[in-house]
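What follows is a set of notes on a single structure, which appears directly below.
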There are 2 protein chains.
Amino acid sequence: MKAGEDEGGPVCWKGSEVKPAGGSLLSRLSATVSAPGWSKVSCPCCMSERVEPLVMVQLRADVGPETKRWLLRLIGASQKDGGAGLLAHPGEDATGDIIVVSAPRCTLLRATEELGLCKTYQNGEMEAFSYNDRDNFKDSENMEEFLTLAERQYMVKYELDGLRAQRDLRIPGLPDSCTLHKRDNICESSKQEAHELVNHLLLGQSSSVYSVNRYFGSSVAFYFSFLDFYTWSLLPPALLGLLITYFSASVQKEVVESVSGSQGSGDQDDSGPGVSGHMLQAVFSMLWSTVFMELWKRRSASLSYRWGTLHLAERFAEPRPGFHGDLGVNPVTGRVEPLFPEWQRDLRMAVVSVPVVGLFLGLVVFGMTGFYWGEALAQQLTEDWGSLLSQTLLFLPSILHIVYTNMLATAYRKVAQFLTEFENHREESAFQNHLTAKVLVFTFFNYFAVLFHIAFFKQDVPLLRKRLSSLLIITQLINQVTEVVIPFLVDRFISAPHRTEREDDPQEDKFRNQGKLPPFPGLFGEYIELLVQFGYLSLFSCVFPLTAVLLLLNNLTEIRSDAYKICKLFRKPFCPPVANMGVWQIAFEVLSFVSVVSNCWLLLLSPQLQRMGEEGGMSGTNLLLAAVLVEHVLIFIKIIMSVLIPDEPDWIRKKREHIEYSSMQALRQQVRLASTLSFHLHPASFFL
Amino acid sequence: MKAGEDEGGPVCWKGSEVKPAGGSLLSRLSATVSAPGWSKVSCPCCMSERVEPLVMVQLRADVGPETKRWLLRLIGASQKDGGAGLLAHPGEDATGDIIVVSAPRCTLLRATEELGLCKTYQNGEMEAFSYNDRDNFKDSENMEEFLTLAERQYMVKYELDGLRAQRDLRIPGLPDSCTLHKRDNICESSKQEAHELVNHLLLGQSSSVYSVNRYFGSSVAFYFSFLDFYTWSLLPPALLGLLITYFSASVQKEVVESVSGSQGSGDQDDSGPGVSGHMLQAVFSMLWSTVFMELWKRRSASLSYRWGTLHLAERFAEPRPGFHGDLGVNPVTGRVEPLFPEWQRDLRMAVVSVPVVGLFLGLVVFGMTGFYWGEALAQQLTEDWGSLLSQTLLFLPSILHIVYTNMLATAYRKVAQFLTEFENHREESAFQNHLTAKVLVFTFFNYFAVLFHIAFFKQDVPLLRKRLSSLLIITQLINQVTEVVIPFLVDRFISAPHRTEREDDPQEDKFRNQGKLPPFPGLFGEYIELLVQFGYLSLFSCVFPLTAVLLLLNNLTEIRSDAYKICKLFRKPFCPPVANMGVWQIAFEVLSFVSVVSNCWLLLLSPQLQRMGEEGGMSGTNLLLAAVLVEHVLIFIKIIMSVLIPDEPDWIRKKREHIEYSSMQALRQQVRLASTLSFHLHPASFFL
């Protein structure tokens with residue numbers, strides 16, 4: 001049956017047969033499809049011989065054919081009529097549970113403009129794309145050249161997310177309780193009210209690691225570029241660490257030989273490098289981290305220029321699907337859309353989010369205190385009783401602490417998600433940044449609470465060194481195993497046998513197979529791993545100079561294992577175009593400044609320095625004063641360096657200013673006739 | 001004779017008689033002028049019955065009539081023909097040494113667009129002015145309503161500065177060595193090569209303090225707004241200071257009474273407030289300074305919106321007159337103009353400016369060391385000899401130090417000017433900011449070196465308190481006297497008798513009288529006074545709690561005396577439109593962070609805290625640790641506060657985003673046809 005022909009709704013959609021196009025993926029897809037093909041495009045310029053399937057929508061098993069027809073019609077309807085302006089295909093079997101979606105040229109071009117992407121102009125420069133001026137942009141006829149696959153797929157998702165009910169409306173085939181209200185988001189609403197009615201699955205195509213941006217989109221590409229940049233930046237501290245370890249080892253040997261046991265080795269049990277090596281390492285790593293972050297910012301700006309994401313217009317685009325508020329005129333764009341006052345969001349953050357996050361951080365500290373208390377108690381009991389049974393008691397606090405921490409982390413993730421939804425951010429990037437920041441603070445605190453406790457309260461440098469080296473080696477091993485080996489084994493021996501895949505499979509089956517892979521868990525885990533590494537390196541590097549060497553080795557394998565994982569083991573994610581690493585960049589920068597405090601403190605604690613101070617006749621107070629002075633000077637130098645090194649290369653600055661100048665000129669040349677419907681927001685505040 | 005008619009140059013200028021307009025200032029001016037009036041406007045829309053004289057150009061006495069005619073013609077010629085597009089008037093006497101300049105409507109409107117000023121649109125909002133869309137802007141027919149007097153006068157100066165030789169050219173009436181080369185700046189060149197041939201003087205009109213922006217322009221208005229805001233912000237710390245002084249006085253009295261002399265007063269000679277008052281004052285003033293600066297930024301943003309300077313386009317306008325470089329195509333605007341590579345400027349700053357400034361700072365320290373050494377020597381000699389002659393020796397070091405410091409400061413100002421010229425900044429604001437920053441660092445260092453020496457090296461809190469209170473009282477008195485009383489007396493009794501001014505004087509004579517006033521020395525002196533005040537208050541406030549009270553009293557008179565001074569005692573300055581206080585804002589912010597370090601240190605030094613620590617059984621090291629901890633926490637709180645308080649009010653953000661959105665939309669709607677002549681700068685770096 002031909003979908004949609006049986007119901008002449010207000011949405012002017014017509015089912016149509018697809019024209020078979022030779023040699024394309026589609027030809028295979030359409031060859032297996034019986035009668036109903038792609039929905040028809042309304043605009044003549046989008047007529048194409050070849051339709052590229054981009055996104056597969058997986059319906060729930062109990063969604064009836066009536067609802068599916070309604071959805072097909074909605075997706076295919078033009079945007080003026082409240083549709084998504086996309087191309088829909090009911091799949092191999094018209095009554096099956098999938099919809100395959102593609103996008104016509106005009107919808108893609110308009111979305112490119114709306115997202116604010118820059119594309120190559122005819123003169124070879126990157127310019128903000130303009131739909132009116134589309135013929136002057138390179139490759140604007142051929143969408144597969146003009147946009148990356150990741151961009152095309154994200155745009156389909158963007159348009160699907162943008163589907164909003166034009167007026168109150170019943171979904172056919174679902175109970176009456178599922179009525180949609182005006183401007184309710186259809187996909188979002190269905191998800192929440194109709195129990196995951198719509199679930200996007202992704203197409204997968206085999207891809208090489210080199211074209212990450214084209215295939216996965218800029219957020220994944222930024223992660224890999226950062227990982228690459230970071231790994232190579234580790235070379236200088238790694239070399240220095242090796243040198244210091246080598247020389248301090250030979251110096252110590254000499255000292256031991258010259259003293260020839262007269263002093264006894266009790267004094268030398270602190271097997272760290274000499275104090276000058278310590279200091280050199282610490283000062284170097286403090287300055288290195290600033291240079292590294294500044295250079296990364298410059299690189300990030302060039303990448304973002306090259307990927308056309310330097311001038312994203314997310315602020316001016318439609319709000320994210322989950323955003324809600326009273327309908328009103330957006331004072332910036334003049335469009336009717338939900339509005340939510342800024343002060344109310346701030347209030348929610350101040351009154352709800354901050355205290356709840358603080359509570360959870362308190363619970364981490366509580367857990368740690370409990371653990372220490374429990375350990376002391378167990379020790380005591382073991383000593384008192386001395387039996388074998390009480391020996392096992394020694395493990396109880398650790399086990400309880402691990403269970404407690406894991407439960408807390410799981411609960412916190414849900415709470416953070418809920419809080420961020422509650423804060424009701426307008427832009428997807430703001431939502432992601434706030435969510436990431438919440439989880440980040442907690443996770444980081446969780447990881448480092450023990451180390452900070454050892455460093456600042458117990459003030460026990462040898463213990464810190466032991467703990468740090470074991471953490472570095474063990475967590476990295478565990479990470480590699482849990483991240484790659486286990487998913488690989490699961491994929492190979494448990495999932496794969498159920499997925500029979502052949503070269504000549506129809507495209508649709510490939511999508512279905514990809515859809516069976518577990519969803520991509522996001523880049524949070526990858527980034528937090530790097531951040532924690534960076535924390536070990538910058539916060540405590542002077543304690544264990546080989547940190548950088550270990551991290552360098554780890555990262556060299558990490559690049560490959562991450563690439564394997566993201567390409568093979570998970571479903572392909574939708575990645576919105578982004579201009580930088582967002583909140584992660586800030587986290588790395590903050591860490592780089594905190595590291596000055598921690599390194600100066602650790603240097604002060606080091607027994608060698610204490611001894612040297614005593615020998616040199618410096619009192620503890622003077623030593624402390626000197627450390628504080630050094631700390632302030634280093635922070636001052638770091639601030640100066642980060643101000644002096646520009647955040648974008650000179651050529652990028654010129655190009656950015658050129659784009660700004662062009663848009664200023666355009667505004668000047670334009671005589672606004674329709675400007676009377678502009679906004680009147682605070683006529684009173686005008687004379688404040 | 002009619003200027004310009006005797007010479008038909010390539011510049012199409014025609015001398016013309018001015019039409020008398022009833023009742024205007026001009027009528028009086030033109031009534032006294034014999035034959036030649038204002039130059040003729042080329043464009044019909046600028047024909048006006050009334051020409052407002054705006055700027056008087058004072059020529060050197062030996063400039064011949066031929067050169068004057070050439071200048072008149074140049075000023076009056078249209079911009080296409082290399083002229084300034086202004087209206088010129090040879091003054092009362094055609095062979096006299098002045099030229100009166102006005103501007104036609106079109107030139108003013110084009111300059112408004114070029115400078116990027118925002119003006120009131122027909123819907124009541126501020127919008128970036130566009131010449132094409134001029135009819136939709138309010139009051140765009142009446143220049144005296146549309147632009148402020150300060151803006152009109154600045155625009156005349158801007159156009160005069162923009163006069164550049166179209167091709168190599170001899171100035172008539174001057175020796176051949178004064179040939180101008182292509183695109184040489186005419187006014188600038190004449191100044192340097194023809195010994196101040198052109199010297200702009202300003203018209204003055206009496207004005208009330210309230211319309212500072214309309215009359216003086218935004219930079220002066222920003223100063224007065226800041227002074228006003230700052231003065232009222234001093235109320236809370238002043239009140240707190242009074243309370244603390246009152247209560248600690250009564251507490252001390254009680255303590256003294258209860259102890260009733262048993263302890264002796266030797267312990268109590270440090271007459272500062274109690275330690276809790278100290279701390280309260282310090283913590284309050286540290287947090288207060290951040291809140292104050294953040295609120296000022298918000299206020300500054302509103303003012304800048306109201307004055308239409310939120311979107312200045314200085315980067316895209318013509319470079320400043322002193323700027324030189326090889327002719328080339330500006331990659332941002334596509335115009336032909338002198339270019340100077342960024343890296344070369346950075347190199348000059350790093351290799352020349354920074355070391356020279358460092359050298360001068362070193363000379364300050366050298367002077368201070370010399371002074372202390374000399375004082376010790378004089379003391380010694382006086383003790384050894386004991387004669388009356390050697391008594392006078394005691395004053396010698398102070399006198400020498402004062403002379404040395406003054407010579408150093410004078411030399412430094414010249415060096416700073418030279419260095420900043422040498423750095424060759426493209427924009428006037430960049431030039432001013434770099435010059436100000438250089439002088440600022442030196443002056444501040446000069447003022448505070450002694451106080452820092454006492455606080456951090458001598459660690460003598462009572463001496464610091466004495467020095468601070470005397471500085472506060474004496475320097476303020478001296479400032480008031482030198483700034484106002486002396487110029488007033490000079491003006492009244494020395495200059496005024498030579499200036500006979502009557503109500504019915506012709507306008508030209510009024511200009512001439514104004515021209516005899518000394519030139520306005522700029523706002524540097526005013527700002528540095530506030531900054532030094534702010535330094536006393538924030539850096540050392542915990543030592544002398546009445547600082548804020550004294551400053552409040554001083555500033556209340558300062559507002560009035562500054563207003564009197566700038567209105568009456570100096571020639572009116574040209575003020576470019578500015579969007580904020582520039583480098584001064586940064587200086588205040590930096591000071592507010594440095595104050596945390598200094599206050600924590602001073603608290604630690606205070607004898608009461610030391611005594612309290614001893615009584616409480618805290619060692620010096622632990623006390624120091626506590627102080628460092630408090631310092632870090634306070635800095636952290638200040639950073640958080642300055643991040644959390646947005647730099648612009650919500651309504652300004654919306655309006656700014658609206659302007660950005662409009663220009664983005666305009667760019668999109670425009671089909672660029674002439675874009676092929678766009679720039680090709682780094683085709684290789686495109687794939688970096």
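Each chain gets a letter, A, B and so on, in the order its sequence line appears, and its residues count up from 1.
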Practice problem: Considering only NZ, NE, NH1 and NH2 on the basic side and carboxylate oxygens on the acidic side, decide whether B/E342 and A/K654 come within less than 4.0 Å. | Solution: no
Exercise. Tell me, please, which residues at least two apart from B/E631 pass salt bridge (charged side-chain N to carboxylate O under 4.0 Å, His left out).
Key: none
Practice problem: Could you tell me whether a side-chain N or O of A/R335 sits under 3.5 Å from a main-chain N or O of A/N330, the two making a donor and an acceptor? | Solution: no
Quiz item: Looking at residues at least two apart in the chain, or sitting in another chain, which of them share a salt bridge (charged side-chain N to carboxylate O under 4.0 Å, His left out) with B/E427?
Solution: none
Quiz item: Angle class for the B/F456/B/W601 ring planes (parallel below 30°, perpendicular above 60°, tilted otherwise)?
Solution: parallel
Quiz prompt | Which portion of A/L625 sits near chain B, non-hydrogen atoms under 4.5 angstrom | solution = both
Quiz item: Do any of residues 110-118 of chain A come closer than 4.5 Å to chain B, heavy atom to heavy atom, and if so which ones, in number order?
Solution: A/E113, A/E114, A/G116
Quiz item: Looking at residues at least two apart in the chain, or sitting in another chain, which of them share a salt bridge (charged side-chain N to carboxylate O under 4.0 Å, His left out) with A/E660?
Solution: A/R656, B/R315
